[in-house]
Each structure stands twice: as structure tokens, then as C-alpha cells.
Amino acid sequence: MRRLLPEPADDITVDQAYASALGLRTDRPWVGLCMVASIDGSTVVSGNSAGLSSPTDSAVLSRLRALADVIVVGAGTVRDEGYGPPRKPGQRIGVVTRSGRVDLSQPLFTSGAGFLITTDDSTFDTNGVEAIRAGTGAVDFAIALARLRGLVPACEVVQAEGGAVLNGALLDADVIDEINLTTSPAAVGGSGPRLASGAGDHLHRFELAQLAIDERSFLYARWLRQRG
Ligand SMILES: NC(=O)c1ccc[n+]([C@@H]2O[C@H](COP(=O)([O-])OP(=O)(O)OC[C@H]3O[C@@H](n4cnc5c(N)ncnc54)[C@H](OP(=O)(O)O)[C@@H]3O)[C@@H](O)[C@H]2O)c1
């Protein structure tokens with residue numbers, strides 16, 4: 001890929017472009033969101049994100065996963081795309097659900113890597129799968145993230161992988177510290193969700209920490225949350 005910002009560089013690898021998370025925090029794990037969207041803002045085409053992606057985009061996702069201690073993903077995405085156990089030893093994957101409509105017999109959970117993030121008042125049977133509970137009616141991510149180190153003590157970096165409903169809840173809690181957004185060079189129309197849905201109105205400002213492009217015109221932006 002070719003880096004356009006901050007310093008132009010003609011030929012950099014994905015590992016160089018994504019050498020580390022853009023920061024760390026002491027009060028709770030750092031949260032990076034990783035998504036791909038079309039030029040016209042859709043995060044799905046024909047029902048999932050695969051058609052928007054590319055080999056380089058997949059490499060970016062893998063690289064960001066490798067930097068994370070915990071991956072957090074919405075139950076809708078797990079139901080639509082399927083999630084297996086992580087490749088990185090010791091990494092945990094938290095599936096966010098209110099309903100409990102998640103197949104707990106899949107390898108993600110039988111491997112011990114998967115856990116649930118749910119509400120204080122959810123009543124479904126977790127079948128012995130570990131769970132973090134936070135919030136009533138909907139998961140409150142400010143609380144859930146503060147409790148995460150109770151389950152994964154050394155957790156420094158969380159990678160959130162969507163989809164839009166989960167992202168909306170993260171936005172509401174203002175816990176997204178960086179957004180790694182691939183813009184797929186396609187306009188897809190349709191009624192697919194944009195990056196976040198269901199959130200209240202916010203004006204959370206970000207600054208562009210890095211912008212890169214590949215030979216197929218996929219754009220790779222790293223956005224850093226500006227606080228204070
Ligand atoms: N373009 C991309 O990079 C990308 C990335 C990921 C996914 N996707 C696509 O996005 C689509 C899925 O997105 P989506 O927005 O429909 O689903 P989602 O965000 O993956 O999952 C939504 C579900 O997660 C649970 N959930 C989310 N926030 C919650 C909260 N605050 N409290 C309690 N539960 C919560 C609920 O599960 P329950 O229903 O179980 O209660 C909710 O129905 C799929 O088509 C997928 O392919 C695209």
C-alpha cells in the first residue's frame with residue numbers, strides 16, 4: 001500500500017501501516033473499531049461485508065486482530081457471518097447479545113475463547129459460558145469495558161468488529177478511541193446500514209492519523225478520537 005498521510009511512503013506493508021494501536025489507556029482498555037464501507041456508506045452488499053472487502057482489507061483486519069487482546073462483535077454479525085475461535089493464542093472474543101440468540105455449541109465457545117457480553121436483566125441460559133453483564137435493557141459499554149479486566153486482566157486493546165447496531169451502542173457510550181475504516185471503491189445503493197445505527201445524535205470529533213491507498217483504489221483511514 002501507499003501511505004498518503006502523515007508522511008507519504010510509496011511502498012509500505014500492512015504491518016508497518018498498522019504497527020500498533022493509536023494509543024493506550026489506564027482506566028479501561030483502548031477500543032478500536034474496524035469496518036469496511038462503500039463510497040455511498042453501506043457496510044453490507046448482498047447481506048454481508050465480504051463483497052466490499054479485498055485481500056489487502058482482509059490483511060488489515062487480520063493485523064488489527066493480532067494487536068488486540070479481546071475482540072468484541074455483535075450477535076447479528078456472528079449470526080450472519082459466523083465466527084470461529086481466534087488464531088492468536090489467549091485472545092478472547094466477546095459476543096454482545098441481549099436475547100441470547102447465539103449458538104453456544106459452536107467452536108467459538110467450546111474452545112473457551114468466546115464469552116458473552118449481555119445486560120444485567122437478561123434471563124437466557126449462558127450454559128456455563130462466561131458473561132460480562134452491564135446495563136439494563138441494553139449493554140452499557142462504559143460499564144462493560146470497565147468490567148472487562150475482571151475477566152481478561154491483561155486486556156489493553158479491544159478490537160470492535162461491528163456491526164452497525166453494536167457500533168451505535170459504542171458511540172452512545174463514547175468509548176471508541178480509534179476507527180480503522182476501509183473505503184471500498186464501490187457504490188452499492190441498497191438499504192444496508194452505515195457504520196453506526198440506532199445511536200443518539202452526537203458530534204464526536206476524530207482526527208486523521210493515517211491515510212493509505214492500495215493498487216485497487218481501496219482507501220485505508222485511521223481516525224483518532226479527539227477528546228477534550
Ligand atoms: N462492513 C463491515 O465491516 C461489517 C462488519 C461487521 C458486520 N457487518 C455486517 O453487518 C450486519 C450485522 O449488523 P447489525 O447491525 O445487524 O448487527 P450487530 O451489530 O452485529 O448485532 C446486533 C445485535 O447485537 C446485540 N447488541 C448490539 N448492541 C447491543 C447492546 N447495546 N445491548 C445488547 N445487545 C446488543 C443484539 O443481539 P441480540 O439480537 O442477540 O439481542 C443485536 O440484535 C451483517 O450483515 C454483517 O455482515 C459489516
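One-based numbering, in listed order, for ligands and for the atoms of each.
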For Ala59, what residues pass the side chain to side chain contact (heavy atoms under 4.5 Å, CB included) criterion, not counting sequence neighbours?
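Per chain and number, Ala59 pairs via side chain to side chain contact (heavy atoms under 4.5 Å, CB included) with Val14.
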
Here's a test for you: under side-chain contact (heavy atoms from CB on, under 4.5 Å), which of Val158, Val72, Val157 qualifies with Val31?
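Filter result, single survivor: Val158.
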
Could you measure the distance from the NE2 atom of His202 to the CG atom of Asp172? Nearest 0.5 Å is fine.
4.0 Å

Does the side chain to side chain donor-acceptor pair (under 3.5 Å) test come out yes or no for Asp40 and Ser38, once each step is laid out?
CA-CA 5 Å; Asp40 55 336; Ser38 65; 2.6 Å; yes

Contact residues of ligand 1 (heavy atom under 4.0 Å), by chain and number:
Met35, Val36, Thr43, Val44, Gly47, Asn48, Ser49, Gly74, Ala75, Gly76, Thr77, Arg79, Asp80, Glu81, Val96, Thr97, Arg98, Ser99, Ala138, Val139, Phe141, Glu161, Gly162, Gly163, Ala164, Val165, Leu166, Ala169

Are there more than 12 heavy atoms of other residues, nucleotides or ligands under 6.0 Å from atom CZ of Arg2?
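For Arg2, atom CZ is not crowded (no more than 12 foreign heavy atoms under 6.0 Å).
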
I'd like to know if the side chain of Asn48 and the backbone of Ala50 have a donor-acceptor N/O pair within less than 3.5 Å.
yes

